[in-house]
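Encoded as structure tokens, the structure appears first; notes follow it.
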2 protein chains.
Amino acid sequence: MTAVLTGTAMLAVALEEARTGAAAGGVPVGAALFGPDGELLGRGHNRRVQDGDPATHGETAAFRAAGRRPHYRGTTMVTTLSPCWFCAGLIRQFRIPRLVVGEAENFGGQHAWLAENGVEVTVLDDPDCAALMQRFAAEHPEAWLEDIGGPE
Amino acid sequence: MTAVLTGTAMLAVALEEARTGAAAGGVPVGAALFGPDGELLGRGHNRRVQDGDPATHGETAAFRAAGRRPHYRGTTMVTTLSPCWFCAGLIRQFRIPRLVVGEAENFGGQHAWLAENGVEVTVLDDPDCAALMQRFAAEHPEAWLEDIGGPE
């Protein structure tokens with residue numbers, strides 16, 4: 001990591017968001033966007049269940065919360081779960097150069113695709129992130145499946 | 001097209017959205033999501049300028065407006081402009097099987113990537129969509145550049 005904050009420190013913010021989402025009965029994925037000097041630009045969590053909003057994943061929530069920006073040079077997106085195509089596309093389109101992933105066990109996600117396309121990716125294999133998601137997927141399989149586009 | 005409505009009929013809804021956005025000074029990209037029987041599920045337009053919301057592109061607005069759905073089988077996304085990676089990722093993640101694009105002249109977009117990955121893509125080369133976007137990009141180059149992630 002070349003960022004000022006460690007990946008673990010950034011992940012703590014995303015995990016707090018995920019837990020806030022879980023406490024409200026939502027899909028427990030949280031994310032945050034940090035600037036080049038480690039400043040928090042935006043944070044948020046999945047709001048499918050809470051707001052009936054299928055377009056607010058953790059990463060899109062954090063991105064929205066960071067507001068309008070002329071560019072994303074030097075930023076880091078941190079998320080508790082490997083990003084789906086929607087969120088990976090966000091990271092690629094806006095050329096967010098670094099991605100920190102809490103876990104990629106409960107969802108394969110597209111972090112490898114981003115790495116192939118020049119994003120500096122760190123997967124932390126965090127057991128707290130994995131346990132939170134695993135529990136939700138077991139207790140609410142339909143909401144989780146819905147969040148990634150339904151059955152194949 | 002196997003859909004009940006023609007691509008041109010669906011595009012008219014997206015173009016109306018884009019014009020609504022343009023009238024408010026926003027990035028003039030509109031989109032709509034249609035169901036298997038040609039029913040309108042959701043429609044919307046880019047709201048970067050209007051709401052200071054960088055996560056609401058035309059396609060994400062239409063997707064959000066369609067609400068929670070267990071799957072997207074048989075749906076068609078129609079957009080005035082070829083989708084960026086963010087919106088292409090949305091279409092791929094949620095397995096929206098058909099995409100109608102108004103124009104791909106002002107922005108290359110990722111419709112070809114979607115076609116390679118199984119989406120049925122129709123590009124209509126609509127001159128009204130192209131003129132609307134071309135005018136905005138000429139009059140507000142910074143807002144347009146910002147909407148696709150800033151300078152390379």
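So you know, we letter chains A, B, ... as the sequences are listed, proteins then strands, and number each from 1.
Ranked by non-hydrogen atom pairs under 4.5 Å with chain A, the options B/Glu142, B/Arg68, B/Gln110, B/Arg73 are led by B/Arg68. Comparing B/Ala143, B/Gly67, B/Ala66, B/Cys87 by heavy-atom pairs within less than 4.5 Å of chain A, the highest count is held by B/Gly67. Listed options B/Arg92, B/His57, B/His71 were ranked by heavy-atom pairs under 4.5 angstrom with chain A; first place goes to B/Arg92. Chosen from A/Ala65, A/Gly150, A/Gly149, the residue pairing most often with chain B at heavy-atom distances under 4.5 Å is A/Gly149. Across B/Pro54, B/Pro151, B/Ala55, the residue that shares the most heavy-atom pairs under 4.5 angstrom with chain A is B/Pro54.
With A/Ile96 as the fixed residue, the side chain to side chain contact (heavy atoms under 4.5 Å, CB included) test singles out one of A/Val119, A/Leu114, A/Thr75: A/Thr75.
Ionic pairing of A/Asp147 and A/Arg48 is present here: one or more N-O contacts between side-chain nitrogen and carboxylate oxygen are shorter than 4.0 angstrom.
Between A/Arg98 and A/Thr76, the side chains place a donor N or O and an acceptor N or O closer than 3.5 Å (distance only, hydrogens not considered). Residues B/His45 and B/Thr20 have side chains that never bring a donor and an acceptor to within less than 3.5 angstrom of each other.
For a residue to count as touching a neighbouring chain, one of its non-hydrogen atoms must lie under 4.5 Å from one of that chain's; by this rule B/Arg69 touches chain A with the backbone only. With a threshold of 4.5 angstrom between heavy atoms, B/Asp51 does not approach chain A through any atom at all. Contacts between B/Arg64 and chain A at a heavy-atom distance below 4.5 Å involve backbone atoms as well as side-chain atoms. With a threshold of 4.5 angstrom between heavy atoms, A/Arg95 approaches chain B through side-chain atoms but not through N, CA, C or O.
Here the side chain of B/Glu17 pairs no donor or acceptor atom with the backbone of B/Gly30 at under 3.5 angstrom.
Scanning for side chain to side chain contact (heavy atoms under 4.5 Å, CB included) contacts around B/Ala62 gives B/Ala31, B/Met77, with sequence neighbours left out. Scanning for side chain to side chain contact (heavy atoms under 4.5 Å, CB included) contacts around B/Asp125 gives B/Val123, with sequence neighbours left out.
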